[in-house]
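Working notes for the structure below.
Numbering starts at 1 and runs along the sequence shown.
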Amino acid sequence: MAKRSRRAGHGRVLAGGVVVAAVAAATTIWTAHAGLSDSAEERPAAPKRPAAVSPAIAHASDAGPRGVNITIDDGPDPRWTPEVLEVLAEHKVKATFCVVGPQAEAHPDLVKAIVAAGHRLCDHSVEHDTTMDTKSKSYQAQQIVDAEKSITRASGGVRPLYYRAPGGAFTPYSRQLAASHGMRPLGWNVDTKDFERPGADAIVKTVKEQIAGGPTLLFHDAGGDRSQTVEALREILPWLKDQGYVFGFPER
């Protein structure tokens, strides 16, 4: 949930199986000829740490000057995330979901659904503490890294590409830490205030009035009744297309 006082802002399967089996057999034969032991062949590769990214807070869209980034915070939620995903799919829009660690652990099926639909993941901490910028570095690290691990496990191995501090409570340390883990700090330009439930019309009005100020829009799919958000998205997404905007992801 955004903090009011901050502005950071599935035939081919059989054929594929045959190919895989053939490749596996060839690999076994090659291994035997090469004199490699089974244990060496089966030893899993060490996981690669993602490449570092910029620690600067991202606002721009990778879709260019008419690009818009839809970002959805605080979920996943079993009631509202499926509805948000349905609206996005209906309008063929991809979004970035800023996921809270415990919510990812509780609903890994939804995290996987987000990824399967082509959306991106963002680390939104463990406890959604909007005062993180006043806490110790060890606390900030625990909140960011533990959430990253929870989200990656829940997704089946897909890492979050961004980190959004709850309420925009970034610090130089948290931005550098997230960036070193391959997560670009993510801000926003348009805070729709949907978490306050001002009515779908008010949410739509905010977007229409403020979209000229920047491309990254902030919505929520958890933390309460999000029916207004769903209703607003049904109107906002086609309106943005009609205005000549295209949908992308935050820059990396």
Side-chain angles (χ1 to χ4, degrees), residues 1-3 6-9 50-76 81 84-99 111 114-124 148 151 155 158-170 174-175 178-179 181-195 203-221 229-230 232-252:
M1 184 180 297
K3 184 166 58 177
R6 295 183 178 275
R7 299 289 304 170
V53 294
S54 170
I57 298 174
H59 294 90
S61 176
D62 65 4
R66 297 294 288 176
V68 171
N69 307 318
I70 302 297
T71 67
I72 315 288
D73 282 19
D74 295 359
T81 302
V84 170
L85 287 171
E86 181 181 353
V87 174
L88 293 171
E90 178 184 342
H91 295 282
K92 297 179 173 59
V93 172
K94 303 306 181 187
T96 300
F97 284 77
C98 297
V99 178
V111 180
I114 290 169
V115 171
H119 306 294
R120 288 184 179 180
L121 298 173
C122 169
D123 180 332
H124 203 33
E148 177 193 14
I151 295 165
S155 70
V158 178
R159 296 176 178 270
L161 296 180
Y162 308 92
Y163 165 66
R164 173 176 275 164
F170 289 102
S174 69
R175 292 191 292 106
H181 283 241
M183 299 184 293
R184 179 74 184 264
L186 177 59
W188 63 83
N189 301 104
V190 180
D191 183 354
T192 66
K193 303 290 185 181
D194 63 332
F195 64 91
I203 296 170
V204 171
K205 183 173 183 289
T206 296
V207 173
K208 290 181 177 181
E209 291 179 346
Q210 298 183 21
I211 186 62
T216 302
L217 281 57
L218 171 59
F219 300 91
H220 298 78
D221 63 343
T229 300
V230 174
L233 283 169
R234 291 191 188 281
E235 181 174 344
I236 290 167
L237 300 182
W239 179 85
L240 287 167
K241 288 184 178 181
D242 288 344
Q243 303 306 304
Y245 289 102
V246 292
F247 298 92
F249 292 110
E251 64 183 0
R252 291 259 302 146

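- The closest donor-acceptor contact from the side chain of H119 to the backbone of A95 lies under 3.5 Å.
- Side chain of D221 to backbone of G75: a donor-acceptor contact under 3.5 angstrom is found.
- Remark: the backbone N or O of H91 is paired with a side-chain donor or acceptor of K241 at under 3.5 angstrom.
- When all heavy atoms of P215 and S61 are compared, the pair lying nearest together is CG-N, 4.0 Å.
- Contact check for T81 versus I114: side-chain heavy atoms found under the 4.5 Å cut-off.
- When V84, D74, T71 are each tested for a side-chain contact (heavy atoms from CB on, under 4.5 Å) with H220, only one passes: D74.
- D62 places a side-chain N or O within donor-acceptor distance of the main-chain N or O of F249, the cut-off being under 3.5 Å.
- Once rounded to the nearest 0.5 Å, the distance linking CD1 of I203 with CD of E235 reads 10.5 Å.
- Interatomic distance, M183 CE to R164 CZ, rounded to the nearest 0.5 Å: 14.0 Å.
- Taking CG from D242 and CG from L237, the interatomic distance works out to 11.0 Å, rounded to the nearest 0.5 Å.
- Side-chain contact between R120 and K94 is absent, with no heavy-atom pair separated by less than 4.5 Å.
- To the nearest 0.5 Å, the span separating CG on D123 from OG on S174 amounts to 10.5 Å.
- In this structure, N189 contributes its side chain and I211 its backbone to no donor-acceptor pair below 3.5 Å.
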task: Tell me, with the steps shown, if R175 and I57 meet side chain to side chain contact (heavy atoms under 4.5 Å, CB included).
output: CA-CA 8 Å; R175 292 191 292 106; I57 298 174; 3.5 Å; yes
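- At distances below 3.5 Å, not a single donor-acceptor pair connects side-chain atoms of R184 with backbone N or O atoms of L161.
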